[in-house]
**Q** 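Have a look at the structure that comes next, please.
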Amino acid sequence: MATNIYSIMGATGNIGHIVTEELLKRGHEVRALGRNQEKLAALESKGAKVYPVEFNNSTSLAEAFQGATAVFSFIPAFYGADDFGAYQDLVGEAILAALSKTGVSHVLNLSSIGAHLDKGTGPVVGLHRHEERLNTLEDVNLLHLRPMYFMENQFWAIPLIKSEGINGSTLRGDLPIPVVATRDIGKKAASFLDRLDFNGISEFDFVGPEEVTLERFTSVLGKAIGKPDLRYVQFPYEEQRKAMLASGMKASIVDLLIELDRSFNEGKIKLTQGLNEDHKGSTTIEKFAEVFASVFAEAN
């Protein structure tokens, strides 16, 4: 098997660490890019070469990309930014500048379902801009991986469940969503990178094994944590906005997240491709509920 060199942005995150570990298992050289020193050390112990870098620093990124066969492009969600959209663009421009300097032949960009739209989808609009930005690269084979709503988003509900005994958000509880586990996304990304069989500019929608409503999802999670009567409540947009601001979140990201939920509720966020089994992860909500129960038990 040929050994390639991969630079993985966000290697310490839920998706990036899976990409890193999967490629290491396949015998490739992997450069793990991130900021969390402890998590980077854990990846180094597994054979990765670690690069502690700031993702808005194009010079540091270029050094980490130089000589790589392929790059996993990723803009992390920094909710502490005063202007979240501007932060996305800052990192995106740094990634573009670094790629332009290094002549990497393949880029797998982690994007999102809905990134084909240029407005009205909250933080996903920033990923649309990044797709358009990367599309200007010359002589690069570029794949935009567009996963659906993460199962792990339900971790955000743990404080609400513990304090109020309910799950809830501004998303409709009866809205079918093909939620997907980040582990499955990481494995799919690693598979694409291992094969490097994408050419030109392309997109790939990726979802979970089935569509589920948040009402059903909540019921499954409730049973897993010993709360079989746990119910889902849809909150009014303005009520949720005030609560998020009161928790200390910046207005920039709060407004974008509310807009994202509204776009789901109104049917703007939707698939753009016909799906076969290759576009679906294998983790069911019942299997994810086991992980959720463990995290719930450890949470304060």
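Below, all heavy atoms of this structure are taken into account, side chains as well, without hydrogens, waters or symmetry copies.
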**Q** Can you confirm if the NZ or CZ of K49 lies within 45° of the ring axis of Y51 and under 6.0 Å from the centre of its six-membered ring?
**A** no
**Q** Inspect the contact between K280 and E210 and indicate whether a charged nitrogen and a carboxylate oxygen are less than 4.0 angstrom apart.
**A** no
**Q** Could you state whether W156 and F235 fall into the same hydrophobic cluster, counting links through intermediate Ile, Leu, Val, Met, Phe, Trp or Tyr residues with side-chain heavy atoms under 4.5 angstrom apart?
**A** no
**Q** Less than 4.5 Å apart, side chain to side chain, heavy atoms only: is that true for F150 and V179?
**A** no
**Q** Answer with yes or no whether the side chains of E131 and S111 bring together a donor and an acceptor at under 3.5 Å.
**A** yes
**Q** Please examine the side chains of I166 and I161, heavy atoms only from C-beta on, and report whether any two atoms are closer than 4.5 Å.
**A** no
**Q** Any salt bridge (charged side-chain N to carboxylate O under 4.0 Å, His left out) pairs touching residues 162-186, not counting sequence neighbours?
**A** R172-D174
**Q** Would you say the side chains of N36 and T12 form a donor-acceptor pair under 3.5 Å?
**A** no
**Q** Just by distance, no angles: are the side chains of H144 and N109 close enough, under 3.5 Å, to form a donor-acceptor pair?
**A** yes
**Q** State whether a side-chain donor-acceptor pair under 3.5 Å links D89 with Y87.
**A** no
**Q** Tell me the closest heavy-atom pair linking T170 and N265, and the distance in Å.
**A** O-ND2, 2.8 Å
**Q** At what distance, to the nearest 0.5 angstrom, does CG of L171 lie from CG of D261?
**A** 3.5 Å
**Q** Just by distance, no angles: are the side chains of D205 and T272 close enough, under 3.5 Å, to form a donor-acceptor pair?
**A** yes
**Q** Counting the benzene-type ring for Trp, do F206 and H279 have ring centres under 6.0 Å apart?
**A** no
**Q** If you look at every heavy atom in L40 and G34, which pair is closest and at what distance?
**A** CD1-O, 3.6 Å
**Q** Between Y232 and S219, is there a side-chain donor-acceptor contact under 3.5 Å, judged purely by atom types and distance?
**A** no
**Q** Kindly say whether V91 contributes a backbone atom to a donor-acceptor pair with the side chain of N56 at under 3.5 angstrom?
**A** no
**Q** Indicate, with yes or no, if the rings of F155 and F296 have centres closer together than 6.0 Å.
**A** no
**Q** Does L23 offer a backbone N or O that forms a donor-acceptor pair with the side chain of H28 under 3.5 Å?
**A** no
**Q** Test your reading of the model: is there a side-chain donor-acceptor pair from S294 to the backbone of V291, 3.5 Å cut-off?
**A** no
**Q** Can you classify the ring geometry of F72 versus F74 as parallel (below 30°), tilted (30 to 60°) or perpendicular (above 60°)?
**A** parallel
**Q** If we ignore hydrogens and angles and just use 3.5 Å, is the side chain of S112 paired with the main-chain N or O of G114 as donor and acceptor?
**A** no
**Q** Looking only at heavy atoms, which two atoms of I185 and P147 are closest? And how far apart?
**A** CD1-CB, 3.5 Å
**Q** Would you name the heavy atoms of V180 and G208 that are closest together and state the gap between them?
**A** CB-N, 3.5 Å
**Q** Do L43 and L61 share a hydrophobic cluster, counting only Ile, Leu, Val, Met, Phe, Trp and Tyr and linking them when any side-chain heavy atoms are less than 4.5 Å apart?
**A** no
**Q** Examine the side chains of N14 and T182 and answer whether a donor and an acceptor come within less than 3.5 Å of each other.
**A** no
**Q** Please answer whether the main-chain N or O of N57 pairs with a side-chain N or O of S60 as donor and acceptor at a distance below 3.5 Å.
**A** no
**Q** Group every Ile, Leu, Val, Met, Phe, Trp and Tyr by side-chain heavy-atom contacts under 4.5 Å, then state whether M151 and L160 land in the same group.
**A** no
**Q** With a 4.5 Å cut-off on side-chain heavy atoms, are D82 and K250 touching?
**A** yes
**Q** At what distance, to the nearest 0.5 angstrom, does CG of L110 lie from CE of M9?
**A** 11.0 Å
**Q** Between S191 and K188 (side chain of the first, backbone of the second, donor and acceptor by atom type, cut-off under 3.5 Å), is there such a pair?
**A** no
**Q** My understanding is that only residues two or more places apart in sequence, or in another chain, count here; which of them pass ring pair (Phe, Tyr, Trp, His ring centres under 6.0 Å) with F198?
**A** H106
**Q** Salt-bridged, R262 to E259, with N to O below 4.0 Å?
**A** no
**Q** Using a strict 4.0 Å threshold on nitrogen-to-oxygen distance, state whether E290 and K287 make a salt bridge.
**A** yes
**Q** Quick test of your reading of the model: are R216 and E286 salt-bridged, counting only N-O distances below 4.0 Å?
**A** yes
**Q** Treating E152 as the side-chain partner and A181 as the backbone partner, does any N or O pair qualify as donor plus acceptor under 3.5 Å?
**A** no
**Q** So, R129 and D118, do they make that salt bridge, N to O below 4.0 Å?
**A** no
**Q** Mind checking whether I177 and I269 sit in one hydrophobic cluster, side chains of I, L, V, M, F, W, Y counted as touching below 4.5 Å?
**A** yes
**Q** T69 side chain to I5 main-chain N or O, any donor-acceptor pair under 3.5 Å?
**A** yes
**Q** Does I15 share a hydrophobic cluster with L127, counting links as ILVMFWY side-chain heavy atoms below 4.5 Å and allowing steps through other members?
**A** no
